[in-house]
2 protein chains.
Amino acid sequence: MRRDIFQAIADPTRRAIVMLLAVQAMTPNAMAEHFYTSRQAVSKHIRILVECDLLEQEQQGREIQYTLRASKMNEIEKWLDQFKALMAKRFNQLDDVLKRLKEKKK
Amino acid sequence: MRRDIFQAIADPTRRAIVMLLAVQAMTPNAMAEHFYTSRQAVSKHIRILVECDLLEQEQQGREIQYTLRASKMNEIEKWLDQFKALMAKRFNQLDDVLKRLKEKKK
DNA sequence: TATACACGCAACCGATCGGTTGCGCTATCT
DNA sequence: AGATAGCGCAACCGATCGGTTGCGTGTATA
């Protein structure tokens, strides 16, 4: 079982949950009301998000408030930055090529 | 079958392929040499990436060069930005709350 | 022209996914 | 105390995933 942020955000419902929790902490029932899915289905998504270390829970009586661990989202950005760095490098190499072509022209 | 960028980058091998292609276009065989996976497995990942509209192919004799459609990656960033916007809003609301508390103190 | 290579495609496999149903536990309400 | 509400958990389901094996086809090479 792979459990990382990329897996976490692969599902549209889970992305929606992340968005909901970005606004405010919520109980599973409150989340489920925002979708057409059942409470159970939402609960399973929550479980995965917890396993991905993206959610924290706080029991409050018979309810559970789930809070987003926003810092986890940085991992996506970190990966994107690595990607962009590679792309930039590529362009620099292209620059080098163009420069060399210019030199040859002279 | 869901086919979007989030699905595309959910798999670690596919993320690696994206990174490879970020540096330079490649044939399936060239990609496979970078992993411990078989050519066929890589080929299946390529297929998914193509279906996600993340790769372009150009036949060159009996080889196929796959090129990354880097612009597709923006969709991830776009989603991340939406997320950040929601978080920022949340903090602004928190600011409002703190402000109001201050007012009351007076 | 015969052979080797690069690749896609289809069939198959066990594992996981996303969902539903049903149960049980604990907390709140009457 | 009994009924109800909020939730997790386990079992089950069909669909998809990631991988392997085998085959077909078109292109280069000897």
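Letters A, B, ... are given to chains in the order of the sequence lines, protein chains preceding strands, and every chain is numbered from 1. Nothing here was measured: the structure is a model prediction, and the numbers come from that model.
Set against D:dG8, D:dG18, D:dG19, the side chain of A:R2 has D:dG18 as its closest nucleotide. The side chain of A:E63 has D:dG6 as its nearest neighbour among D:dT16, D:dG6, C:dG19. Of the candidates C:dC7, D:dG19, C:dC9, the closest approach to any side-chain atom of B:R47 belongs to C:dC9. Set against C:dC7, C:dA11, C:dG19, the side chain of B:K44 has C:dA11 as its closest nucleotide. Checking D:dG19, C:dG8, D:dG18 against the side-chain heavy atoms of B:A41 singles out D:dG19 as nearest.
Between the side chain of B:R62 and the base of C:dC5, a donor-acceptor pair under 3.5 Å is found. For A:Q40 against C:dG22, a side-chain N or O and a base N or O form a donor-acceptor pair under 3.5 Å.
Note on B:S43: every side-chain N or O is 4.0 Å or more away from OP1 and OP2 of C:dC7. Residue A:S38 places at least one side-chain N or O closer than 4.0 Å to OP1 or OP2 of C:dT20. One finds no side-chain N or O of A:H45 lying less than 4.0 angstrom from the OP1 or OP2 phosphate oxygen of C:dC17. A close approach under 4.0 Å does occur between a side-chain nitrogen or oxygen of B:R14 and OP1 or OP2 of D:dG18. Side-chain nitrogen and oxygen atoms of A:R3 include none within less than 4.0 Å of the OP1 or OP2 phosphate oxygen of C:dT16. Taking only side-chain nitrogens and oxygens, A:N29 comes nearer than 4.0 Å to OP1 or OP2 of D:dC7.
Between A:I64 atom CD1 and C:dT28 atom P there is a gap of 13 Å when expressed in whole angstrom units. Whole-Å rounding puts the A:I46 CD1 to D:dC9 C1' distance at 14 Å. Rounded to whole angstrom, the span from the CZ atom of A:R39 across to the C1' atom of C:dC23 amounts to 11 Å. Atoms CG (A:D4) and P (C:dC17) sit 11 Å apart, rounded to a whole Å. Protein atom CD of B:E51 is 13 Å distant from nucleotide atom C1' of C:dG8, rounded to whole Å. Taking atom CG of residue A:L49 and atom C1' of nucleotide D:dG8, one finds them 16 Å apart after rounding to whole Å. Between the CE atom of A:M31 and the P atom of D:dG6 there is a distance of 14 Å, given to the nearest Å. For the pair A:E58 CD and D:dC7 P, the interatomic distance rounds to 13 Å; values are reported in whole Å.
Counted within 6.0 Å of CZ on B:R69, heavy atoms from surrounding residues, nucleotides or ligands total more than 12; the atom is thus considered enclosed.
Residue A:Q7 is classed as a sugar-phosphate contact, given heavy-atom separations below 4.0 Å to backbone atoms only.
Taking 4.0 Å as the cut-off between side-chain N and carboxylate O, A:D4 and B:R15 count as a salt-bridged pair.
You'll find the side chain of B:T67 stays beyond 4.5 Å of the side chain of B:L21, heavy atoms only.
Closest approach of A:M26 and A:Q65 over heavy atoms only: N-OE1, 3.3 Å. The shortest heavy-atom contact between B:M87 and A:A70 is CE-CB, 3.5 Å. Taking both residues in full, the closest heavy atoms of A:R90 and B:Q24 are given as NH1-CA, 3.8 Å, listed atom of the first, atom of the second, then distance.
Nearest-nucleotide positions on DNA chain C for B:T27 and A:M1 put B:T27 closer to the 5' end.
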